[in-house]
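Working notes for the structure below.
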Amino acid sequence: MTFTSFGNSSLTNFVPVDDLHHVLQEKFQLSEFRPKQKEVIDLVLAGKHTLALLPTGYGKSLCYQVPSQVLPGATIVISPLIALMQDQLSSLYKRGVSNATVLNSSLDADEYYDAVAGIKCGRYKLIYVAPERLESPKFRQLLQELKVSLLVIDEAHCISQWGHDFRPQYRNMKEHLKLMPDATILALTATATPTVQRDIGQNLGLNNIEVVIASFDRPNLRLEVECCSDAKEKDDHVLKLLRHEKSPAIVYTSSRKETEALSRRLTVNRLKSVAYHAGMSKETRYRVQKQFEEEKHTIIVSTVAFGMGVDKSNIRRVIHYNMPGSLESYFQEAGRAGRDGKNAICTLLYQPKDIYTQRWLMERNYPDARQVSSLLTLLRGDNSRFRKTSELASALKIDEFSLNSAIDLLRHLSLIQVTIDGIKAISGTAGGIDMTWLIERKERDSNRLDKMVDYANALSCRRKLILQYFGQEYKVDCSDCDNCSPSFEKERPGYISMPAEKETTRVSTSANLSDLEQVLMDTVTLLNGKVGRTTIAQVLSGSKAKKIQEKKLDQIAAYAKFPHIKTDDIILAIDKLIEDGKLRVIPGMYPKLVIARK
């Protein structure tokens, strides 16, 4: 019989490998582990701290759920979303794994104390908690009373300030590890660039952490981008793609309002769908998710709030109605298609306007120096109590996203204390506020958006571009993205082939592009941030719009210089200059164009 050691390397306990396979087969109804799952589990049971990068659909949760059933002590899972915890718990209960529980704000007082009692007596071995729970004195005391064999940090990219979904609640994780000195650490994520991977280990104080990386390639996923000039064209594409789709499909949008509106438009066009977003009640979200999982509705229109932990392997199509802000977000969401290994299609509907929407959303995430200073002044004015973020947002009249970033910065500078009870200033601190950390983080967000735009506009292999972004090689072009196989005429189950779009969906004109670019550069120089891309395109095409005449833009030399080129094509040429770093957008509700100064 083969044995595997577990726990800290100083321990001498062993577990028969047969026991692992028994748990796998009896409780999870699986015949064998995937290669990287087995590698991760072997490292964990050998007491080696491990960072595992496994793509969406690979089965990350199995890497701790199986060990949790054979380890002698408790397994603590740090998870950033209550919905994700509940999904995992429901899935475990369906499989007959009853020794798992959650400790989060969804529990009432009686439920919480019952769960704690069950943990103390050993009834629960697998415990899901939010990162904020680690700040609670009562929970910290509980951890010190327990024997914790395994600490799991799910969505570990949230630890890294270089990651696309950085969360300040994860920042003190290194200090929290001291509460569980004998625990083996397992950090899990589906999206981490090489820089993020290094940062995770450093932030945990585990520079020698073992790293297991599965290929991010999902060969069963076809990757495609449809360039659209406006929302109507997007709607047309969605209707075409879903009209004959019998299998489950997800359509992602960038806002709650768009989610509900698009779902209504689909229903009007006899495509029965349901909407899902975080603004709905918990009961409504649960009902909608169950309807989708049971295929009472096969189309769900959702914000990014939907998807994590959803146990649905046969999703055949994921459509992004709006472009996400990063390749990490896009690939994680698109990767929810085809988790059963069968063919599936991931379509991004790209409208150049999406760039400015994302820039505006990004601006909303970052406060200016005055807002950060006002927050600190308010907290220092009454340092006798902790304040909730809702109270601070109301007092400062600041957007919740900007407020969270301001809190991140002040916490990074050790000027405030953030616990499960709220926020207050740290006594004895003084001096100015250095905005550098926040500025650098904003620049990283901007760079991630640039890479997302590069993907949308790419003329080369999309699969290769994604894998290279995540630091993996793909030496040949694939045969399964729209650039490598544009006609897509081979047979694929569940796919209704649509006619190829004309090349005019990308910039295509008979004009000398260098002439157009030069006139664009000259016009932007002349107007110097007074107007945006649509107005400039209208000027060059000779539009007779009222605003052009009111601003006397029909009197400048560039007016009607290219009347034979469509306004949309001129806009695409402007976007190309932005991507090339020749023009720059001044963000805002009405973005303006200026020359990019080197």
Side-chain angles (χ1 to χ4, degrees), residues 78 80-82 103-109 112 129-141 158-163 165-176 178-179 203 256 278-279 359-446 587-589:
I78 310 298
L81 297 173
I82 289 177
L103 290 179
N104 59 39
S105 57
S106 71
L107 304 181
D108 61 31
Y112 184 85
V129 302
E132 297 89 339
R133 187 64 50 183
L134 293 167
E135 305 281 355
S136 164
K138 289 183 178 179
F139 183 68
R140 292 168 67 86
Q141 179 62 39
C158 296
I159 295 172
S160 172
Q161 63 170 312
W162 294 86
D165 195 20
F166 170 70
R167 307 210 177 184
Q169 299 91 339
Y170 277 76
R171 182 178 295 116
N172 288 339
M173 199 63 67
K174 180 179 177 181
E175 292 302 312
H176 299 322
K178 296 175 182 177
L179 298 170
N203 283 355
R256 298 174 183 180
R359 294 277 181 208
W360 181 75
L361 290 171
M362 188 188 309
E363 284 295 316
R364 192 177 61 161
N365 286 336
Y366 291 96
D368 56 32
R370 179 189 57 80
Q371 290 172 313
V372 178
S373 179
S374 296
L375 172 60
L376 185 58
T377 300
L378 178 63
L379 290 170
R380 284 174 171 169
D382 181 4
N383 204 27
S384 62
R385 63 187 178 92
F386 285 95
R387 300 193 184 202
K388 299 295 185 182
T389 53
S390 56
E391 177 189 348
L392 296 172
S394 176
L396 295 169
K397 294 180 170 44
I398 185 175
D399 183 277
E400 64 172 308
F401 300 100
S402 291
L403 175 61
N404 286 332
S405 291
I407 291 170
D408 291 355
L409 174 63
L410 295 178
R411 188 177 187 184
H412 171 75
L413 297 174
S414 300
L415 295 173
I416 62 173
Q417 181 183 2
V418 182
T419 74
I420 198 168
D421 298 315
I423 304 158
K424 72 175 183 177
I426 295 176
S427 301
T429 58
I433 300 171
D434 183 356
M435 296 288 290
T436 303
W437 182 83
L438 210 56
I439 292 169
E440 290 176 348
R441 195 169 111 188
K442 183 177 178 181
E443 287 175 352
R444 290 194 290 274
D445 282 351
S446 181
M589 182 62 76

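Just so it is clear, the values below take in all heavy atoms, side chains as well, and ignore hydrogens, waters and symmetry mates. A quick note: this is a predicted structure, and the numbers were derived from the prediction, not measured.
- Put simply, the side chain of Arg441 reaches to within 4.5 Å of the side chain of Ser405, judged on heavy atoms.
- Residue Asp399 holds its CG atom at 13.0 Å from OH of Tyr366, rounded to the nearest 0.5 Å.
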Stepwise side-chain contact (heavy atoms from CB on, under 4.5 Å) check, Phe401 with Leu361: CA-CA 9 Å; Phe401 300 100; Leu361 290 171; over 6 Å; no

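- A donor-acceptor contact shorter than 3.5 Å links the side chain of Ser374 to the backbone of Arg370.
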Steps toward side-chain contact (heavy atoms from CB on, under 4.5 Å) verdict (Val418, Leu410): CA-CA 10 Å; Val418 182; Leu410 295 178; over 6 Å; no

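- Annotation: the span from Ile159 atom CD1 to Ile78 atom CD1 amounts to 9.5 Å, rounded to 0.5 Å.
- In this structure, CZ on Arg444 lies 11.5 Å from CD1 on Ile439, to the nearest 0.5 angstrom.
- For the pair Arg140 (side chain) and Leu134 (backbone), a donor-acceptor distance under 3.5 Å is present.
- Remark: the Asn404 side chain and the Thr389 side chain contain no N/O donor-acceptor pair separated by less than 3.5 Å.
- Residue Leu415 forms a side chain to side chain contact (heavy atoms under 4.5 Å, CB included) with just one option from Leu375, Leu376, Val372, and that option is Leu376.
- Closest of all the heavy-atom pairs between Leu103 and Leu107 is CA-CD1, 4.1 Å.
- The nearest pair of heavy atoms linking Leu438 to Pro367 is CD2-CD, 3.7 Å.
- The closest side-chain heavy-atom distance from Leu413 to Trp437 is not below 4.5 Å.
- Of the possible donor and acceptor atoms, none in the side chain of Ser373 sits under 3.5 Å from a partner among the backbone N and O of Ala369.
- Using modelled atom types, one side-chain atom of Asn383 and one backbone atom of Ala425 make a donor-acceptor pair closer than 3.5 Å.
- Atom CD1 of residue Ile407 and atom CD1 of residue Ile423 lie 3.5 Å apart, to the nearest 0.5 angstrom.
- Of the charged side-chain nitrogens involved, at least one lies within less than 4.0 Å of a carboxylate oxygen, so that Glu363 and Lys442 count as a salt-bridged pair.
- Distance check, rounded to the nearest 0.5 Å: NZ of Lys397 to CG of Leu403 gives 13.5 Å.
- Distance check: Arg133 CZ to His176 NE2 gives 12.5 Å after rounding to the nearest 0.5 Å.
- Contact record, Arg359 with Ser446: NH1-OG, 2.6 Å, taken as the closest heavy-atom pair.
- Gln371 contributes a side-chain N or O that, together with a main-chain N or O of Asp368, makes up a donor-acceptor pair within less than 3.5 Å.
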